[in-house]
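Chain A is the first sequence line, chain B the second, and so forth, proteins listed ahead of strands; every chain is numbered from 1. Everything quoted here is computed from the prediction, not taken from an experiment.
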Protein chains: 2
Amino acid sequence: MPACPEPPGHPPGAAFLLTAVGTHAANRFAERIAGLGLTPPQTGLLRAIAAAPGLSQQAVAQFLGTPPSRLVALVDALADRGLVERRRNPGDRRLHALHVTAEGEALLQRIAQLGQAHDDTICAALDDDQRATLRALLVLIAGEQGLTPGVHPGYRFV
Amino acid sequence: MPACPEPPGHPPGAAFLLTAVGTHAANRFAERIAGLGLTPPQTGLLRAIAAAPGLSQQAVAQFLGTPPSRLVALVDALADRGLVERRRNPGDRRLHALHVTAEGEALLQRIAQLGQAHDDTICAALDDDQRATLRALLVLIAGEQGLTPGVHPGYRFV
DNA sequence: AGAGAACGATTTTGACTTGTAACGATACCT
DNA sequence: AGGTATCGTTACAAGTCAAAATCGTTCTCT
């Protein structure tokens with residue numbers, strides 16, 4: 001979905017800059033993890049499972065704000081690669097508890113390294129103080145706007 | 001495309017915050033202009049045409065980084081609503097020079113108002129000084145990353 | 001205990017978006 | 001003039017996504 005330029009006001013507003021730079025950063029990150037054979041949604045799911053292991057698919061879906069039917073294919077892809085396991089809950093055999101395998105953990109570490117490098121690249125124009133300032137301002141906005149920390153709102157619809 | 005959380009590092013990096021907040025801002029802006037019956041790509045195109053009137057479709061496509069075939073449907077939609085005109089160039093009858101109509105200009109003004117309100121909403125957590133600081137930092141990043149001012153990089157691929 | 005409602009996961013379906021490739025018209029070059 | 005390149009358009013195919021139907025399991029009520 002290309003091109004959502006700023007309304008005519010000649011000095012670009014902060015919100016527009018935010019979406020432009022944010023989209024750029026998302027694209028660059030997607031390129032990086034593509035080298036690992038992962039898509040951004042897969043990466044997000046993997047991380048979500050690692051953050052809260054043992055949850056049912058429905059619980060994860062609600063947490064991420066994605067329809068449960070979408071999770072199936074996503075989990076399938078991760079499970080086929082041995083990064084994630086569906087464990088049948090003996091108490092309630094309807095639910096599939098999601099867990100990250102050892103392989104998945106290893107990959108998460110590589111993702112973390114990638115994320116760090118990504119961060120450095122994006123913020124190359126800023127010194128340490130400026131980066132801290134930027135982080136602080138963004139945290140303020142994120143909090144006020146009701147964004148769940150660690151969760152990335154979907155590209156279309158929230 | 002939901003959920004591209006941060007790699008495990010517990011303090012969220014600036015780049016991740018950037019994509020999260022940026023995506024959120026893009027979604028909110030999309031909601032606003034939906035009230036005008038416009039999609040974000042349409043809005044971007046309208047603004048691009050207003051910024052550089054008389055260009056050929058191919059020139060606009062290259063400027064926005066979108067495939068020319070995609071522009072056709074986009075221009076069609078705008079032309080059907082009387083916001084944009086295709087003018088046959090008498091010198092070279094292959095190209096269609098794109099121009100914004102008076103109606104289009106009027107709508108652009110409403111979009112600008114919407115953009116201002118949007119900006120205020122997104123930055124509600126920040127005072128004037130903080131907003132200026134944020135803008136300055138983002139401009140630094142955008143410049144270093146080679147982003148064309150006023151153009152919003154596409155959601156997928158640049 | 002048994003019938004039916006409720007729930008979780010999955011499959012199916014359809015709409016939508018987007019990029020690639022072929023097509024026709026026009027213009028440039030020799 | 002004729003061959004080639006360019007512009008816009010159309011046609012086609014692939015991929016993404018969400019809403020609805022389906023299947024198995026569990027809970028509840030009598």
S.K.: Tell me, which of residues 82-92 of chain A have any heavy atom that sits under 4.0 Å from an atom in DNA chain D?
M.R.: A:D92
S.K.: Can you check whether A:H96's main-chain N or O pairs, donor with acceptor, with A:N89's side chain at less than 3.5 Å?
M.R.: no
S.K.: Could you state the atom-to-atom distance from CG of A:L95 to P of D:dG24 in whole Å?
M.R.: 17 Å
S.K.: Can you tell me if A:Q42 uses its side chain to pair, donor with acceptor, with the backbone of A:T39 under 3.5 Å?
M.R.: yes
S.K.: I need the NE2-C1' distance between A:H96 and D:dT26, as an integer number of Å.
M.R.: 14 Å
S.K.: Report the residue from B:T19, B:L18, B:L147 that forms a side chain to side chain contact (heavy atoms under 4.5 Å, CB included) with A:H24.
M.R.: B:L147
S.K.: Taking atom CZ of B:R86 as the centre, report whether more than 12 heavy atoms of other residues, nucleotides or ligands fall under 6.0 Å from it.
M.R.: yes
S.K.: Indicate, yes or no, whether a donor-acceptor pair under 3.5 Å links the base of C:dT26 to the side chain of B:R93.
M.R.: no
S.K.: Starting at atom CD of A:Q42, determine the distance to atom C1' of D:dT16, rounded to an integer number of angstrom.
M.R.: 13 Å
S.K.: Going by the side chain to side chain contact (heavy atoms under 4.5 Å, CB included) test, name the single residue among A:T101, A:L45, A:I49 that passes it with A:V84.
M.R.: A:I49
S.K.: Report which part of the nucleic acid B:S69 touches: base, sugar-phosphate, or nothing (heavy-atom distance under 4.0 Å, all strands).
M.R.: base
S.K.: Would you please confirm or rule out a distance under 4.0 Å between OP1 or OP2 of C:dG8 and any side-chain N or O of A:Q57?
M.R.: no
S.K.: Compare the minimum distances between each of C:dT11, C:dG19, C:dG8 and the side chain of A:V72, then state the nucleotide with the smallest one.
M.R.: C:dT11
S.K.: Round to a whole Å and report the spacing from CD of B:Q62 to P of D:dT6.
M.R.: 12 Å
S.K.: Got a sec, which pairs hit ring-ring contact (aromatic ring centres under 6.0 Å, His included) with one end in residues 101-138 of chain A, sequence neighbours left out?
M.R.: A:F29-A:H118
S.K.: I would like to know whether B:D76 and B:R81 meet salt bridge (Lys or Arg N to Asp or Glu O under 4.0 Å); could you show each step before the answer?
M.R.: CA-CA 9 Å; B:D76 280 350; B:R81 289 180 53 182; over 6 Å; no
S.K.: What integer distance in Å separates B:F63:CZ from D:dC7:C1'?
M.R.: 20 Å
S.K.: Nearest whole angstrom, please: distance from the C1' of C:dT10 to the CD of A:Q58.
M.R.: 12 Å
S.K.: With DNA chain D as reference, determine whether B:L71 or B:R94 sits nearer its 5' end, using the nearest nucleotide of each.
M.R.: B:R94
S.K.: With a 3.5 Å cut-off and just heavy-atom distances, do the side chain of A:R70 and the base of D:dC17 make a donor-acceptor pair?
M.R.: no
